[in-house]
Amino acid sequence: MIAFKKKTFNALYSIFAIFSCVALGKLCAYFVPVLPSSLYGLIIFTLTLHFRLFNAAHIKSTVIWCLKHMGVCFVPAGVGIINHFELIKQFGLTIIAITFATTFILLTIVGLHYQRYAVDEE
């Protein structure tokens, strides 16, 4: 019975922490519409954990559960791909080529910058 109460408290505590940060993120995005509200919420959540406004030990089990079941979040993307299969079939090779080219360019630029600044630090 005590374990059930502890799990319930941790779940409710986590829900409160996450939703309060999301609400504050929405508020920030309303007044300063530079970033999306979800990004503001994520920044606020990170800061509250860093400055220990929320107890990370209480939130840990809920976050682990959410990460374990994250695949469910990608189901709509898979459905979207199936719904637009004709476009994928028509432009599939182009999409793959663009994905590989942009990934290669990004990794090359990041690697060159890292080498440049890593040498400067030594």
Side-chain angles (χ1 to χ4, degrees):
M1 188 67 173
I2 294 173
F4 176 75
K5 287 182 180 180
K6 183 177 179 184
K7 285 183 180 181
T8 305
F9 170 77
N10 287 345
L12 292 174
Y13 185 83
S14 300
I15 290 169
F16 171 76
I18 292 168
F19 281 124
S20 63
C21 291
V22 168
L24 288 172
K26 294 260 186 202
L27 194 63
C28 289
Y30 179 77
F31 288 112
V32 186
V34 176
L35 298 173
S37 62
S38 58
L39 191 54
Y40 279 124
L42 198 63
I43 292 168
I44 292 168
F45 187 64
T46 303
L47 290 173
T48 57
L49 288 174
H50 177 75
F51 292 114
R52 300 172 194 252
L53 297 175
F54 289 122
N55 188 344
H58 292 310
I59 296 173
K60 183 178 179 180
S61 61
T62 305
V63 170
I64 290 171
W65 182 86
C66 289
L67 288 175
K68 190 191 303 185
H69 296 89
M70 188 186 286
V72 176
C73 297
F74 296 105
V75 170
V79 171
I81 289 172
I82 291 170
N83 285 340
H84 299 288
F85 186 70
E86 290 300 319
L87 286 173
I88 300 293
K89 195 162 83 173
Q90 184 179 1
F91 299 108
L93 292 175
T94 307
I95 293 170
I96 291 171
I98 290 171
T99 302
F100 279 109
T102 55
T103 302
F104 177 76
I105 291 168
L106 178 68
L107 288 175
T108 303
I109 291 171
V110 169
L112 290 173
H113 280 307
Y114 176 77
Q115 285 180 343
R116 179 178 176 189
Y117 292 112
V119 171
D120 290 344
E121 290 178 5
E122 292 175 3

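Paired with V110 under the rule side-chain contact (heavy atoms from CB on, under 4.5 Å), one option of L106, L107, L112, T108 passes, and it is L106.
The aromatic rings of H113 and Y117 lie parallel to each other, with less than 30° between the two planes, well short of the 60° mark.
If you take CG on L53 and SG on C21, they are separated by 9.0 Å, rounding to the nearest 0.5 Å. For the atom pair OG1 of T94 and CD1 of I88, the computed distance is 11.0 Å after rounding to the nearest 0.5 Å. Between the OH atom of Y13 and the CD1 atom of I18 there is a distance of 11.5 Å, given to the nearest 0.5 Å.
Across all non-hydrogen atoms, the minimal contact from F16 to F54 is CE2-CE2, 3.9 Å. When all heavy atoms are compared, the tightest approach of Y40 to L35 is CE1-O, 3.3 Å.
Clustering ILVMFWY residues whenever any of their side-chain heavy atoms sit less than 4.5 angstrom apart, transitively, puts I43 in the very cluster that holds V34. Linking ILVMFWY residues whenever their side-chain heavy atoms come closer than 4.5 Å, directly or via other members, leaves F19 and V63 in distinct clusters. Residues F4 and W65 do not share a hydrophobic cluster, defined by chaining ILVMFWY side chains whose heavy atoms lie under 4.5 Å apart. Linking ILVMFWY side-chain heavy atoms closer than 4.5 Å, directly or via other members, places I64 and L49 in two distinct hydrophobic clusters.
Think of I96 as one node in a network of Ile, Leu, Val, Met, Phe, Trp and Tyr side chains linked at under 4.5 Å; its network also takes in F100.
Between F45 and I59 the shortest side-chain heavy-atom distance falls below 4.5 Å.
By the 6.0 Å contact criterion, NE2 on H50 is open, its count of non-hydrogen atoms from other residues, nucleotides or ligands being 12 or less. More than 12 heavy atoms of other residues, nucleotides or ligands shown are found within 6.0 angstrom of CZ on F9.
Take T62 and apply the side-chain hydrogen bond (donor to acceptor under 3.5 Å, both in side chains) test, not counting sequence neighbours, and it matches S14.
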